[in-house]
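Just below is one structure, and these are the notes that go with it.
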Amino acid sequence: MEQFYRFDHQVCLITGAGSASGIGYATARIFGLLGAQVLITGTTNRIYLREQELKKEGVIAAAFIIDLTDKSAVKELISQIMQTYGKIDVLVNNAGMVQVGQKEDFTLFHELSDESFEDSISRNLMTAYNTTRAVINGMRQQEYGRIVNVSSTTGPLGVNAGEVGYATAKAAMLGLCKGIALESARYHITVNNVLPGWVATGSQTKEEKNAGKYTPIGRSARPEEIAHMIVFLATREASYITGQDFVVDGGNCIIEDKANRQ
């Protein structure tokens, strides 16, 4: 009997998977349980804890510490992966937000430093660019690939005060996706964006948790609810979906009369 939505014999690279309560780790776990060889990246030693947790569930996994804003380091990592595994079938660009040991800057635009803005662009856009640029030639050569970018509703659909850099980067990911999707479709490579709303990760603030209560569903998303959309877009069966943006926000963006929300 034919099995659907499986990743047997596929190599899946998920960036930004260091947090046990994050979207990246939830995504990696689902890939692994569906048969993939899972490669995960993070910026600190905690990525090795995620590797061990995956292995305890029977997942074939390997972890790498890397700063994805460093183009040379990214190229070296992808070269190492290609030598070891021979291919990368799926890339999930999840890295972004705030790295461990750093504090998110909520400075208003008129007071925002150039350095802070550029740092947001580097962490939330250039990490995806660097990694995609490093894997795309291999996908073209093998004439197959799935790339899923984790963007946000912040930027493409709305914005919060003090998040101009983050919003700019996440909005730019949509253009990056569409350009690559257009150029790569003939090589059986699809590129799509997932736009989460409020998500109950370990880094969610009290304000964000409270905001999640005002969605139509009445809560923030669980990380695995975002992960399932990412994984679906990475399946072989999602072969005719490319260059698209998928909002996963509990219906938050469809609220028109926000003043009367209870």
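Starting from 1, each residue takes its place in the sequence as its number.
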> Given Ser184, which of Thr190, Thr242, Ile189 fulfils the side-chain contact (heavy atoms from CB on, under 4.5 Å) condition?
Replying inline: Ile189
Between [X] (side chain only) and [Y] (backbone N and O only), is there a donor and an acceptor less than 3.5 Å apart?
X      : Y      : answer
Glu57  : Leu54  : no
Asp249 : Gly251 : yes
Asn192 : Gln244 : yes
Thr131 : Ala128 : no
Arg50  : Gly18  : yes
Asp119 : Glu115 : no
Glu225 : Arg222 : yes
Asp245 : Asn193 : no
Asp89  : Arg146 : no

Search all heavy atoms of [X] against all heavy atoms of [Y] and return the closest pair with its distance.
X      : Y      : value
Glu224 : Ile30  : O-CD1, 4.3 Å
Ala17  : Gly24  : CB-C, 3.8 Å
Ile14  : Cys12  : CD1-O, 3.6 Å
Ala95  : Thr15  : N-OG1, 3.0 Å
Ala238 : Leu233 : CB-O, 3.9 Å
Thr153 : Leu195 : CG2-O, 3.7 Å

[X], [atom1]: over 12 other non-hydrogen atoms inside 6.0 angstrom:
X      : atom1 : answer
Tyr85  : OH    : yes
Phe109 : CZ    : no
Phe246 : CZ    : yes
Glu76  : CD    : no

How many angstroms lie between atom [atom1] of [X] and atom [atom2] of [Y], to the nearest 0.5 angstrom?
X      : Y      : atom1 : atom2 : result
Leu77  : Ser72  : CG    : OG    : 12.5 Å
Leu157 : Asn252 : CG    : CG    : 10.0 Å
Tyr187 : Arg140 : OH    : CZ    : 4.0 Å
Ile136 : Ile147 : CD1   : CD1   : 4.0 Å
Ser151 : Leu125 : OG    : CG    : 9.5 Å
Trp198 : Thr215 : CH2   : OG1   : 10.5 Å

So do the side chains of [X] and [Y] get within less than 4.5 Å of each other, counting heavy atoms only?
X      : Y      : value
Lys71  : Met126 : yes
Val247 : Cys253 : yes
Glu118 : Ile121 : no
Met173 : Asn124 : no
Val199 : Ile226 : yes
Leu68  : Asp70  : no
Thr107 : Ser113 : no
Ile255 : Tyr214 : no

> Going through the distances and angles, do Ile40 and Phe64 end up as a side chain to side chain contact (heavy atoms under 4.5 Å, CB included)?
Replying inline: CA-CA 6 Å; Ile40 54 176; Phe64 305 88; over 6 Å; no
>> Could you go through Ile78 and Ile88, starting from their C-alpha distance and side-chain angles, then the distance that decides it, and tell me whether this counts as side chain to side chain contact (heavy atoms under 4.5 Å, CB included)?
In response: CA-CA 9 Å; Ile78 299 306; Ile88 297 173; 4.0 Å; yes
> Taking the six-membered ring of Tyr144, is NZ or CZ of Arg236 closer than 6.0 Å to its centre and within 45° of its axis?
Replying inline: yes
>> Could you check whether Thr69 and Asp67, counting side-chain N and O atoms only, form a donor-acceptor pair closer than 3.5 Å?
In response: yes
>> Please determine whether side chain to side chain contact (heavy atoms under 4.5 Å, CB included) holds for the pair Leu112 and Leu108, giving the CA-CA distance in whole Å, both sets of side-chain angles, and the decisive distance to 0.1 Å.
In response: CA-CA 6 Å; Leu112 184 66; Leu108 298 181; over 6 Å; no
>> Determine whether Tyr25 and Glu53 satisfy the following criterion, side chain to side chain contact (heavy atoms under 4.5 Å, CB included), listing intermediate values before the conclusion.
In response: CA-CA 10 Å; Tyr25 178 67; Glu53 290 163 0; 3.2 Å; yes
>> The test is salt bridge (charged side-chain N to carboxylate O under 4.0 Å, His left out); show your working for Lys170 and Glu163 and say whether it passes.
In response: CA-CA 11 Å; Lys170 290 301 188 181; Glu163 293 191 11; over 6 Å; no
Shared hydrophobic cluster, [X] / [Y] (ILVMFWY, side-chain heavy atoms < 4.5 Å):
X      : Y      : answer
Val194 : Ile180 : no
Leu91  : Phe31  : no
Val38  : Leu34  : yes
Tyr240 : Val148 : no
Ile230 : Leu13  : no

>> Test side chain to side chain donor-acceptor pair (under 3.5 Å) on Ser220 and Gln204; report intermediate values, then the result.
In response: CA-CA 10 Å; Ser220 297; Gln204 187 181 47; 2.9 Å; yes
>> If the condition is side chain to side chain donor-acceptor pair (under 3.5 Å), which residues does Ser116 pass it with, not counting sequence neighbours?
In response: Asp105
